[in-house]
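Reviewing the structure listed below.
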Amino acid sequence: MSQTYVGILLNTGMYRGIPTCRTGQESLSLYEEAAREYGLTPCYLRLADIDLSDEGCIAYVYNGIDYSKQELPLPQVIHNRALYPKAEAVQKIRKLMAAGITVFNVNNRYGKDTIHRLLWSAPHLRHYLPAAMPLTSKTLSTMMSRCPDLILKPIRGSVGHGIMRLQCREDSGWSLTYPSKGSSRDWITVRLRKGELPGWAKRRLGRVPYLIQERIPLVEYEGRPVDLRVTVQRGISGDWGVTGSFVKVAPKGGFVCNIAKGGEALPAENVLAQTLPAPLVPAVLGHVEALALTICRYLSDRLPLLADVGLDIGLTQEGRPYFIECNGRDQRYGFRKAGMEGIWKDTYRQPMAFARYLLDHPARGVLTSCGKGSAKIT
């Protein structure tokens, strides 16, 4: 293999932390280790430091001692780990790709409504989806008439920010649970008068696009709801594979499993063996992995160069899986928190392997999918 550069596209905040190795939960050393395995050298860059006119860029490169800025030719393959909501940034990425540069996971923040709509259009996946609609006064009324337990989530939110729960109990009617001001882990519950949302909630929901989703009765561990994070990535063969999974356990008294909201990351097999009949666990995990692969292959036929995602999959007490949401910029540190160091490293290895695949098969960089068919699910 020839030595060559692979770009890692970062947002400005993380990029500025590179000289002091303050890059939050992103581990540059794991990129370095994985890239060496495939004859690659990572270079870390921002969109602002790419000059399309001379096909060059300014990027940080590790020289064996520290990270130094260098002027480089544009790498032919770039792994996107940045979020670019502004139109001018999106336009620059389009120009970059039109110039022949392959950017995988080019869009890593698809709206929850977009993903749900795509999956709902697939008959073989529809029965794995909770009922969901973009939130309006009409759809809110419709969903409240059909489901006694609902989740309201920002269409473009992440790590559990802005989530609320609407729940109807026979003895007390409807209530709304929402995060306390100034705390991401404390919750307030208020009863609704005549089933009407408070004025502040209506104003927020009018300003920010939300999705309203049926809440699946999740399996519980020590009285706390559990869901699975399944990391699915494309590697050296170009096809999708499940890198690993762990469970996220909601904090006591909470209903959101996100780690950023106080959730706990634990190995899936250990937790599920205590929440489901032990003989069922291997079959349930196999079903989850098959579902995750089928979802990713289906989405990557429709979304350009999708290659690295984290799926949240819920399980009922009977072990039936449900798709909850897709995270286009998977926060890999959950594996480290769960004590799964080897798989945490693998989550960095697979994108570098896929970069190697794209460099060795440049025609594949213009395709939306390298997968063939779908994993069988029942």
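From L293, atom CG reaches atom CG of L311 across 9.0 Å, with rounding to the nearest 0.5 Å. Between the CG atom in D49 and the CD atom in E71 there is a gap of 10.5 Å [rounded to 0.5 Å]. Annotation: the span from N327 atom CG to R329 atom CZ amounts to 10.5 Å, rounded to 0.5 Å. Distance check, rounded to the nearest 0.5 Å: CD1 of I313 to NZ of K248 gives 10.0 Å. Separation of atoms CD (Q70) and SG (C57) is listed at 10.0 Å; rounding is to 0.5 Å. Rounding to the nearest 0.5 angstrom, the gap separating the OH atom in Y178 from the CD1 atom in I188 is 4.0 Å.
What you find for L176 and P198 is that their closest heavy atoms are CD2-CD, 4.0 Å. Looking at every heavy atom in both residues, G319 comes nearest to L276 through N-CD2, 4.1 Å. In terms of heavy-atom proximity, R234 sits nearest to S300 at NH1-CB, 4.0 Å. Listed here is the closest heavy atom pair of P267 and V247: O-CG2, 4.2 Å. Nearest approach of G314 to L218, heavy atoms of both residues: CA-CD2, 3.6 Å. The heavy-atom pair separating F255 from M164 by the smallest distance is CZ-C, 4.1 Å.
Residues T4 and L40 form a side-chain contact, since some pair of their non-hydrogen atoms from C-beta on lies under 4.5 Å apart. Contact of the I115 side chain with the L303 side chain is registered, since non-hydrogen atoms from C-beta on lie closer than 4.5 Å. Taking the side chain as every heavy atom from C-beta outward, L211 and I155 approach each other to under 4.5 Å. Side-chain contact between Y31 and R81 is present, with heavy atoms from C-beta onward closer than 4.5 Å. Looking only at side-chain heavy atoms (C-beta outward), C168 and W174 come within less than 4.5 Å of each other. In this structure the side chain of W240 reaches within 4.5 angstrom of the side chain of V309, judged on heavy atoms. In this structure the side chain of I8 never reaches within 4.5 angstrom of the side chain of L28, judged on heavy atoms. Proximity of T23 to Y44: side-chain heavy atoms (C-beta onward) are nowhere separated by under 4.5 Å.
When atom types are taken as modelled, the side chain of T102 and the backbone of V77 share no donor-acceptor pair closer than 3.5 angstrom. Without hydrogens or angle criteria, T294 side chain to A290 main chain gives a donor-acceptor distance under 3.5 Å. Between the E220 side chain and the Q317 main chain, no donor and acceptor come within less than 3.5 Å of each other. Between the N108 side chain and the A82 main chain, a donor and an acceptor come within less than 3.5 Å of each other. A donor-acceptor pair under 3.5 Å links the side-chain atoms of Q274 to the main chain of N270, judged by distance alone. Proximity of a side-chain donor or acceptor of Y348 to a complementary backbone N or O of S27 within less than 3.5 Å is detected. A donor-acceptor pair is defined here as one N or O able to donate and one able to accept, closer than 3.5 Å; such a pair exists between the side chain of N105 and the backbone of D308. Of the possible polar contacts, one joining the K112 side chain to the P154 backbone as a donor-acceptor pair under 3.5 Å is found. Proximity of a side-chain donor or acceptor of Y210 to a complementary backbone N or O of G162 within less than 3.5 Å is detected. Counting only distance, with no hydrogens or angles, the side chain of D51 and the backbone of G56 share no donor-acceptor pair below 3.5 Å.
No option in Q213, H116, K153 other than K153 meets the side chain to side chain donor-acceptor pair (under 3.5 Å) test with E325.
In the hydrophobic clustering of this structure, W187 does not group with V190; members are Ile, Leu, Val, Met, Phe, Trp, Tyr whose side-chain heavy atoms approach within less than 4.5 Å, directly or through other members. By the criterion of side-chain heavy atoms lying less than 4.5 angstrom apart, applied directly or through intervening Ile, Leu, Val, Met, Phe, Trp or Tyr residues, L272 is not grouped with Y322; the two fall into different hydrophobic clusters. By the criterion of side-chain heavy atoms lying less than 4.5 angstrom apart, applied directly or through intervening Ile, Leu, Val, Met, Phe, Trp or Tyr residues, L9 is grouped together with L30 in one hydrophobic cluster. V103 and M14 fall within a single hydrophobic cluster, where Ile, Leu, Val, Met, Phe, Trp and Tyr are joined by side-chain heavy atoms under 4.5 Å apart, directly or via other members. Hydrophobic clustering (side-chain heavy atoms under 4.5 Å, transitive across Ile, Leu, Val, Met, Phe, Trp, Tyr) groups I78 together with Y67.
Side-chain atoms of Y298 and S121 include a donor-acceptor pair closer than 3.5 Å.
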Verdict with reasoning, L45 to I58, per side chain to side chain contact (heavy atoms under 4.5 Å, CB included): CA-CA 7 Å; L45 64 162; I58 298 172; over 6 Å; no

Verdict with supporting geometry, K92 and L52, side chain to side chain contact (heavy atoms under 4.5 Å, CB included): CA-CA 9 Å; K92 186 168 184 177; L52 287 169; 4.3 Å; yes

Steps toward salt bridge (Lys or Arg N to Asp or Glu O under 4.0 Å) verdict (R356, E37): CA-CA 10 Å; R356 181 76 260 177; E37 184 178 339; over 6 Å; no

Step-by-step side chain to side chain contact (heavy atoms under 4.5 Å, CB included) determination, F323 to L119: CA-CA 10 Å; F323 169 82; L119 296 179; 3.6 Å; yes

I324 vs I151, side chain to side chain contact (heavy atoms under 4.5 Å, CB included): CA-CA, chis, key distance, verdict: CA-CA 11 Å; I324 299 175; I151 297 294; over 6 Å; no

Step-by-step salt bridge (Lys or Arg N to Asp or Glu O under 4.0 Å) determination, R224 to E222: CA-CA 6 Å; R224 299 177 290 161; E222 297 179 348; 3.3 Å; yes

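Remark: aromatic rings of Y128 and H287 are close, center separation under 6.0 Å.
No more than 12 heavy atoms of other residues, nucleotides or ligands lie within 6.0 Å of NZ in K345, so this atom counts as exposed by the packing criterion. Environment of CD in Q25: crowded, with over 12 heavy atoms of neighbouring residues, nucleotides or ligands closer than 6.0 Å. Counting heavy-atom neighbours within 6.0 Å of R22 CZ, excluding the residue itself, gives a total of 12 or less.
Using the six-membered ring where Trp is involved, F104 and F354 have ring planes that are perpendicular, over 60° apart on the 30 and 60° scheme.
For the pair R109 and Y84, the cation does not sit on the ring face, since its NZ or CZ is not both under 6.0 Å from the ring centre and inside 45° of the axis. Cation-pi check for R336 over W344 is met; the charged atom lies under 6.0 angstrom from the ring centroid and within 45 degrees of its normal.
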